[in-house]
Amino acid sequence: MALFTKFASNIEAMKSKLTVLYFSIWLGGTFWSVSGQFIDAETAPKWYFALFGGTFLCWMYGMSHFRSIPTTKKPHFTGIFLSISLCATALAFHGLLQWSGLWTPQPMFPVCGNFDNPAGIASALAFSLPFSLHYTQSTCTPFRYTALASTLFIACAIIASESRAGILSMGCIFLLYFPMKWPKIGKALTFGFVMLFTASSVFLYHYKKDSADGRLLIWQCTWNMIKERPLYGYGYGGFQANYMDEQAQFFRTHPNSRYAQLADDVKSPFNEYLGVLTEFGFIGGTAMLLCAVVLFRMWRKHPGGSSRPALLCLTAIAVFSLFSYPFRYPHTWILCMGSTLVLVLNGHPALRQTTGCLSFVTALLLTTLSVFAFKRMRAEILWCDTANRSLCGMTKKMLPVYKGLYDKLGNEPLFLYNYAAELNVAGRYEESLRICKASSVRMSDYYTRLLQADNCKQLRRYKEAERHLQQASYMCPNRFTPLYELYTIYKAQGDTASMHRTAEAILRKPIKVDSPKVRQIIAKMKRFKQMLAVLLCAVALCGLAPAALAAQPLDESENGGKVIIYFETCGGTGIPVVERTSGDGKLYSLPTPTMEGYTFKG
């Protein structure tokens, strides 16, 4: 019997080590996976790794559960927590290397790991922090100091990322953790951390005030959307399909808003709760609230042990979700569902006996989903290769491939926009416009409007093009391109008055981001106004005082009645100029619009 017990304990120890290894590889894949074979090189590979790795883990756990010797029914989360802590420490080290310049970061962000922006690395570190804190209570001194070093690494990397949502989430974790650890001085600690948290919040708001004010604009427009469909919302993907039109309506009714310079092309509400209310209405919001209440009751039944880091992780996710979009990344879903499972199993011990069956059912569902995901992954890889070839000048050769991908990726708005853009480049404007309309149903944004306007312009549907450009201008009032394209449409129609009005609007517009394109547009508008002023001045001079400009006519047989006019500088900054009138005696150009510093000499 003793031999049997020892054998069983050895198996359990081996399973624990394998659990740490497998889970570390899986979670690490969602932190570092990146591939240039996808259009979204930083995020898409992480999702596929999470799905395929999760399927494998569920099968492994389910099989080991039914084949193992039943030594205990109580689940141990120590190996899982250790895996999370190890992965987070390695990710923090990666971020600090980027911050120090020893590891080349992305051009736009100094610290972002292998994510597309700092929100990715900050969310991964903030959500993993409670599991490192969990080991600071270890009775093993070396292990405890290692956990403290890990916690310090993670905290420094979050601060280095400059993610305000990450810093606030970290502050909330400390705000809850230390009073739990030292309950005797819990009130004093709570008061101190609340004051520090409040001061930090004010500082972080003013640290990047324009960015914070821009989110206030997004939340205001999002709330307007919620009020239009409060009960059921707009459905999945409804925010991306409708938000920019709502933002355009806001600036149409508030043309002098202080938010005009902060507006941008928005794909997320920067608040997961507003996102749920927008897409699923108050019904979805109520379901989310009920889940939170149930989880809190589970924690109350078992507040200590492994439930503490699970609760802190969910708290960090909840705070981060107030200011960003953490559920865009797979690690958020993994840590959220894992923490939820810990609270449920600790709160209802009777459910522990069902984990094996639950693993099998989950594995079957994930396997089915993986089959469809694998087909989509192959289509996305082909799309990325096709898009790269098109950028190399092979657009017309790639259009049949795009057409074949349309059946597989026709519900992906970014693919539809890319396909429409390539059709536009190839000169197939009718087809491009049709695909654009399909794209705008799922993603009505600034760039889609510009593409629709260009298609209509090439098809000489000027009124329709004007409507798209005006909508794009209201979507992002600080952009110069829509107004310039309106100018070109008015020019094609010969509408000088509208050209002048648009040029005036462009020249009055403050510059948000200076660029060669913006400077070129402004220079063109200045030249247009100068030419217009010259023409108006010439018309006035020719109409009001033709005699003052008349000089001695030349022999009509030699010059057709044309007149030569000499402009002298009279000591000014100009240079002497000789102009010739037309056959009917009209002068169509002057040295300068105001003629300051010149006299006339016949």
Side-chain angles (χ1 to χ4, degrees), residues 33-48 106-108 114-117 237 240-241 244 264-265 267 328 372-461 464-465 468-469 472 475-476 479-482 484-485 488 515-517 520-521:
S33 293
V34 63
S35 174
Q37 292 184 297
F38 295 89
I39 294 292
D40 189 353
E42 290 84 13
T43 306
K46 293 178 173 62
W47 275 106
Y48 287 117
Q106 287 189 4
M108 294 181 62
N114 274 3
F115 295 90
D116 54 346
N117 66 65
Q240 188 172 243
M244 289 304 294
D264 205 349
D265 196 34
K267 297 293 188 295
R328 177 185 178 186
F372 293 101
F374 183 76
K375 295 180 180 179
R376 184 179 176 88
M377 183 182 72
R378 293 183 61 184
E380 287 193 19
I381 292 174
L382 179 58
W383 170 28
C384 182
D385 179 68
T386 304
N388 289 331
R389 291 174 183 270
S390 297
L391 290 174
C392 295
M394 302 173 61
T395 296
K396 292 186 177 180
K397 293 182 179 179
M398 293 295 105
L399 288 181
V401 183
Y402 273 107
K403 187 175 182 180
L405 288 171
Y406 182 79
D407 294 332
K408 301 175 183 178
L409 299 174
N411 60 345
E412 172 58 49
L414 188 59
F415 168 77
L416 294 175
Y417 173 81
N418 180 226
Y419 185 18
E422 296 300 336
L423 288 169
N424 175 272
V425 172
R428 295 162 63 171
Y429 305 114
E430 285 283 2
E431 293 180 64
S432 177
L433 189 59
R434 178 176 58 83
I435 300 297
C436 267
K437 290 179 179 178
S439 174
S440 64
V441 173
R442 297 172 175 83
M443 184 179 67
S444 178
D445 67 347
Y446 170 81
Y447 295 102
T448 303
R449 290 286 181 175
L450 290 183
L451 184 57
Q452 287 177 301
D454 188 69
N455 285 323
C456 293
K457 176 184 174 182
Q458 300 298 334
L459 295 170
R460 299 184 182 278
R461 301 180 189 174
E464 191 175 348
H468 288 304
L469 289 171
M475 285 178 172
C476 298
R479 304 288 180 91
F480 284 78
T481 301
Y484 176 70
E485 292 299 328
T488 61
S515 67
K517 184 177 181 179
Q520 184 181 24
I521 290 173

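The side chain to side chain contact (heavy atoms under 4.5 Å, CB included) check on Asp40 picks up Glu42, Thr43, Ala44, Arg328, with sequence neighbours excluded. Contacts of Tyr402 classified as side-chain hydrogen bond (donor to acceptor under 3.5 Å, both in side chains), with partners at least two apart in sequence or in another chain: Asn418. Remark: Tyr447 pairs with no residue by the ring pair (Phe, Tyr, Trp, His ring centres under 6.0 Å) rule, at least two apart or across chains. Ala421 is linked by a side chain to side chain contact (heavy atoms under 4.5 Å, CB included) to Leu451, counting only residues two or more places apart in sequence or in another chain. Applying the side-chain hydrogen bond (donor to acceptor under 3.5 Å, both in side chains) rule to Tyr417 yields no partners; only residues at least two apart in sequence or on another chain are considered. Take Asn424 and apply the side-chain hydrogen bond (donor to acceptor under 3.5 Å, both in side chains) test, not counting sequence neighbours, and it matches Asp454, Asn455. Under the rule for a side chain to side chain contact (heavy atoms under 4.5 Å, CB included), the partners of Ser33 that lie at least two apart in sequence or sit in another chain are Pro45, Lys46, Phe49. With sequence neighbours excluded, the residues forming a side-chain hydrogen bond (donor to acceptor under 3.5 Å, both in side chains) with Ser444 are Asp245, listed by chain and number.
Among residue pairs with one or both ends in residues 372-393, those qualifying as ring-ring contact (aromatic ring centres under 6.0 Å, His included) are Trp383-Phe415; sequence neighbours excluded. Within the structure, the salt bridge (charged side-chain N to carboxylate O under 4.0 Å, His left out) test picks out the following pairs touching residues 372-384 (sequence neighbours left out): Arg376-Glu380, Arg376-Glu412. Pairs of residues two or more places apart, or lying in two chains, that qualify as salt bridge (charged side-chain N to carboxylate O under 4.0 Å, His left out) and include a residue from residues 418-446 are Lys267-Asp445, Arg428-Glu431, Glu430-Arg461.
Across all their heavy atoms, Leu399 and Ala426 have their closest contact at CD1-CB, 3.7 Å. Considering all non-hydrogen atoms of both residues, Ser439 and Leu416 come closest at CB-CB, 3.6 Å. Across every non-hydrogen atom of Pro482 and Tyr446, the tightest pair is CD-OH, 3.3 Å. Between Thr488 and Glu485, the shortest heavy-atom contact is OG1-O, 2.6 Å. Considering every non-hydrogen atom in both Thr448 and Cys436, the closest pair reads CG2-O, 4.1 Å. Smallest separation of non-hydrogen atoms from Ala241 and Val441: CB-O, 3.2 Å.
With rounding to the nearest 0.5 Å, the separation of NE2 in His468 from CD in Gln452 is 4.5 Å. Considering CD of Gln458 and CG of Leu433, their distance stands at 12.0 Å, rounded to 0.5 Å. Taking CG of Leu450 as the start and OG1 of Thr481 as the end, the distance is 6.5 Å to the nearest 0.5 Å.
Remark: the backbone N or O of Val34 is not paired with any side-chain donor or acceptor of Asn114 at under 3.5 angstrom.
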Verdict with reasoning, Asp385 to Gln37, per side chain to side chain contact (heavy atoms under 4.5 Å, CB included): CA-CA 7 Å; Asp385 179 68; Gln37 292 184 297; over 6 Å; no

Residue pair Asn388, Cys392: steps toward the side chain to side chain contact (heavy atoms under 4.5 Å, CB included) verdict: CA-CA 7 Å; Asn388 289 331; Cys392 295; 5.7 Å; no

Audit row: Cys476, Met244, side chain to side chain contact (heavy atoms under 4.5 Å, CB included) steps and yes/no: CA-CA 9 Å; Cys476 298; Met244 289 304 294; 4.1 Å; yes

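Contact check for Ile435 versus Tyr406: side-chain heavy atoms found under the 4.5 Å cut-off. In this structure the side chain of Tyr429 never reaches within 4.5 angstrom of the side chain of Lys457, judged on heavy atoms.
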